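See below for the structure under consideration.
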Amino acid sequence: MPEYKPQYYPGSTLPSKNRRKYLDPEYKLQKLRTISDDDLVRIMGHRVPGEAYKSTHPPLEETGEPACPIREIVTPTPGAKAGDRIRYIQFTDSVYYAPVTPYVRAWMYHTRYRGVDVGVLSGRVPLEARERDLEKVAKELVETEIFDSARCGIRGATVHGHALRLDENGLMFDAYRRYLFNKKTGEVDYVKDQIGVPLDKPISVGKPIPETELRKRTSEFRIDGNAFRDDKELISWMQRIHMLRTIAGFDPEKVKGI
Amino acid sequence: MKKYKDVVDLHDDHGRLVASNIPVAALSPLVNPAIQKIVAYVKQCVAVNLQGVQTALTTGEVGGKWSMLRGRSTKVDLVGNAEAVARDLKETLQVKPKDDTEVKVLKEGKNLLVTVPAARLNAGVEYTTSATAVAAGLCHVVIDKFNIDMWDADLVHAAVWGRYPQTMDMLGGNVVSLLSVPQQNEGMGYALRNVLAAHIAMITRKNSMNAAALSSILEQTAHWEMGDAMGNFERFHLLGLAYQGLNADNVVYDIVKENAKTGNLGDCVKSTVNRAIADGVIRPLEKTKSGYTIYTTNDLNKWNAYAAAGLMAGTMVTCGAARAMQHTPSVFIYFNDLLERETGLPAVDWGRVAGTGVEMSFFSHSIYGGGNPAVFNGNHIVTRHSKGFCIPCVAAAVALDAGTTIYTPEKLSGVVGEVLSEVPELREPLKYVNEAAIKIKGEF
């Protein structure tokens, strides 16, 4: 029996390969920019930098826990241990070669981070976790190659824009104009937090990634780039799953060695 | 029932081996005496909130929220006389002396746990007999014992039965059964699925392994009643119950343990695949050009059982690490998504769990209303689609929550969970079902 090696995702085209890469926690995401902890806290808008974490219940040490064999062995995250509130960071990814698609975000969050709650909606992907755990994760999400300052938006509300044309500076539409292109620096500045509350001072999230580079990093299938239909391997995998689900729904005993 | 060759090793909630090579058929609700006892208790046991009746009589606040009969008040010390009330209620309910009727006084008289004799249920066709018998019996006891006059008898009725019969159920009443009234069941055989995850967590006193077991017993037993676990699908449900709910072969506990300190959901997916390969449930079929290996199996039902056990472990690791219940729908979708992409085999319940997760995430994250996972059950409009594989995970997650929700399981469950947790078979089902399976193993 050959040794099992995690494989994450089928497919032979570039988006499939990138998906495999992003899903694999052994792959270290490339850091492209630095955002200070305080600035990230400001953009998320849940607390003021330096402010103590608010709690939803007392620390576990104080309350004690019910007798449960699973609680005995599963270590709580630092945020859970302290009783932090559950907070969120939410991203909108443009259909124009954003590094990750909404579903890839969900998959990679679950392969890379512990104790996180993620959901995919039509134009947004919220990630929820205990506050201090969230801040740690959010740092990697904004500082690395899976974020582009022009094609990804940190948006808590009014998220619309992922499927709209880009503006003259290549930025994804945002009805709240949370971020602006700074012509002097060539960088994108957040002037409002993710909900849309104005910030005291702009926060730069760096230069947009050039289009050619984005096309190399993207995990999106596009008819004008890497079309989904071109990935025969992925399509046959998908057809296989549909076939097996259907046969199994009729009679699971009929699926043998196929 | 068909004959099945499958045997499993039984383990307790701490992952300790209890017995080896037990026929999986011994865990079937059709034959396992403990499961049948659990189902009987669910039908026969009723919780009475005696303090609630007393308060309702004193204040005139009867029949649910914002419903008060001003000027109506009858002062009766029910709590102080709980022992005497219990004795009289027992006499009223008993069919024969020394039958299985029981009335237990709990919390210094505030609550009663009533076991209605099976003879009363056998004399009818509906499980509602228990609630109606106790409610009616209690009214008679209170009226007789405390000399309530004719003009206040209606208040006693309202304090006990709530707004019924203006409502379908006993809205605001103080006699509660674990089962909802039949009119609230979504279809035939749904009765055992119509139990809030909050009740399960409270009955098992937040022991997540027992919460998973009790929920799985109720969910999967319902599938026999619904007509699902029949013919080719019986083994699908039998193995699902054994592996996901009852920790057969210790798959659930092992995967949790493997990922308990630092693991995440993706790691639980890998552990599941690893275990399935090691146990010979799946094997490589072919390699594609990109190097991706497609797996296959000769036993899809067993693969489903392993995947369902992995799903349970993934829930316990994810919700356990966060000590929060809200992650369950996310686990439902992405555990299955990742597992299918990892193997090329259909995931739990052939995709129905993933689909259920999509709906449940909307209704458990304040997007389209709904509520936290503790209010969900297998009869719920957005969670009924999985064939018994979702709600056990929800119940386990609710048990692992450290208090992140506004509506806590304690608040949602009220007296039912607390009172029924006094029944050992309901509180620790894993232990009793295992013991019963060992006793009858020779029959297969």
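None of these values were measured; they are calculated from a predicted model. Residue numbers begin at 1 in each chain, while the letters A, B, ... track the order of the sequences.
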Cut-off 3.5 Å, side chains only: do A/Arg19 and A/Tyr8 have a donor facing an acceptor?
no

Nearest 0.5 Å, please: how far is CZ in B/Arg341 from CE in A/Met238?
6.0 Å

For the candidates B/Leu338, B/Thr405, B/Asp349, B/Thr204, which exhibits the highest count of non-hydrogen atom pairs separated by less than 4.5 Å from chain A?
B/Leu338

Less than 4.5 Å to any heavy atom of chain A: does that hold for the side chain of B/Asn259, its backbone, both, or neither?
backbone

Chain A contact via B/Arg205 - which portion, at a heavy-atom distance below 4.5 Å
backbone

Looking only at the side chains, is there a donor atom on one of B/Tyr292 and A/Trp237 sitting less than 3.5 Å from an acceptor on the other?
yes

A/Asp133-A/Thr77 side chain donor-acceptor pair, cut-off 3.5 Å:
yes

Does NZ or CZ of A/Arg222 come closer than 6.0 Å to the centre of the six-membered ring of A/Tyr97, within 45° of the ring's axis?
yes

Please rank B/Gly351, B/Gly266, B/Ala402 by heavy-atom pairs under 4.5 Å with chain A and give me the top one.
B/Ala402

Is it the side chain or the backbone of A/Glu233 that comes within 4.5 Å of chain B heavy atoms, both, or neither?
side chain

Closest-packed option against chain B by number of heavy-atom pairs under 4.5 Å, given A/Ala129, A/Pro126, A/Ala67
A/Ala67

Which region of A/Pro58, side chain (C-beta onward) or backbone (N, CA, C, O), has a non-hydrogen atom less than 4.5 Å from a non-hydrogen atom of chain B, or is it both or neither?
neither

Can you say whether A/Val116 sits under 4.5 Å from chain B via the side chain, the backbone, both, or neither, judging by heavy atoms?
backbone

With chain B, which of A/Thr246, A/Leu121, A/Thr63, A/Thr56 has the greatest number of heavy-atom pairs at distances under 4.5 Å?
A/Thr56

Within the 3.5 Å criterion, strictly below it, is a donor on A/Asp231 or A/Ser16 matched to an acceptor on the partner's side chain?
yes

Tell me, for B/Arg235 versus chain A, whether the close heavy atoms (under 4.5 Å) come from the side chain, the backbone, both or neither.
side chain

Name of the residue among B/Val256, B/Asp13, B/Asn207, B/Thr315 meeting side chain to side chain contact (heavy atoms under 4.5 Å, CB included) with A/Ile70
B/Val256

Top of B/Asn304, B/Val317, B/Val273 for chain A proximity - count of heavy-atom pairs under 4.5 angstrom
B/Val273

Proximity breakdown for B/Ser361 and chain A, heavy-atom pairs closer than 4.5 Å
neither

Given heavy-atom pairs under 4.5 angstrom as the criterion, report whether the side chain, backbone, both or neither of B/Tyr295 touches chain A.
both

Is B/Glu258 salt-bridged to B/Arg275, going by a charged N under 4.0 Å from an acidic O?
no

If you count heavy-atom pairs within less than 4.5 Å of chain B, which of A/His57, A/His110, A/Lys256 leads?
A/His110

Side chain, backbone, both or neither: which part of A/Arg71 has an atom under 4.5 Å from a heavy atom of chain B?
both

Side chain, backbone, both or neither: which part of B/Ala211 has a non-hydrogen atom closer than 4.5 Å to chain A?
neither

Is the closest side-chain donor-acceptor distance between B/Asp337 and A/Tyr103 under 3.5 Å?
no

Counting heavy-atom pairs closer than 4.5 Å to chain B, which one of A/Ser12, A/Gly257, A/Ala80 comes out on top?
A/Gly257

Most contacts with chain B, counted as non-hydrogen pairs under 4.5 angstrom, among A/Pro66, A/Pro76, A/Gly11, A/Cys68:
A/Pro76

A/Arg112 (side chain) donor-acceptor with A/Tyr109 (main chain) under 3.5 angstrom:
no

Between A/Asp251 (side chain) and A/Glu253 (backbone), is there a donor-acceptor pair under 3.5 Å?
yes

Between A/Asp37 and A/Lys139 (salt bridge meaning N to carboxylate O under 4.0 Å), is one present in this structure?
yes

Which of the residues A/Val255, A/Ile73, A/Thr111 is involved in the greatest number of heavy-atom pairs with chain B at under 4.5 angstrom?
A/Ile73

Part of A/Lys5 lying under 4.5 Å from any heavy atom of chain B
backbone

In terms of heavy-atom proximity below 4.5 Å to chain B, should A/Tyr113 be classed as side chain, backbone, both, or neither?
backbone

Pair B/Glu410 + B/Lys206, salt bridge at N-O below 4.0 Å
yes

Option in B/Glu340, B/His365, B/Met316 with maximal non-hydrogen atom pairs under 4.5 Å from chain A
B/Glu340

Can you tell me which portion of A/Tyr88 sits under 4.5 Å from chain B's heavy atoms? Options are side chain, backbone, both or neither.
neither

Matching residue for B/Ser290 among A/Gln7, A/Arg20, A/Lys17 - test: side chain to side chain contact (heavy atoms under 4.5 Å, CB included):
A/Arg20

Pick one of side chain, backbone, both or neither for B/Leu285, based on which atoms fall under 4.5 Å of a heavy atom in chain A.
side chain

Region of A/Ile258 that comes under 4.5 Å of a non-hydrogen atom in chain B
backbone

Show your reasoning for whether side-chain contact (heavy atoms from CB on, under 4.5 Å) applies to A/Ile154 and A/Phe147.
CA-CA 10 Å; A/Ile154 308 169; A/Phe147 181 83; 3.9 Å; yes

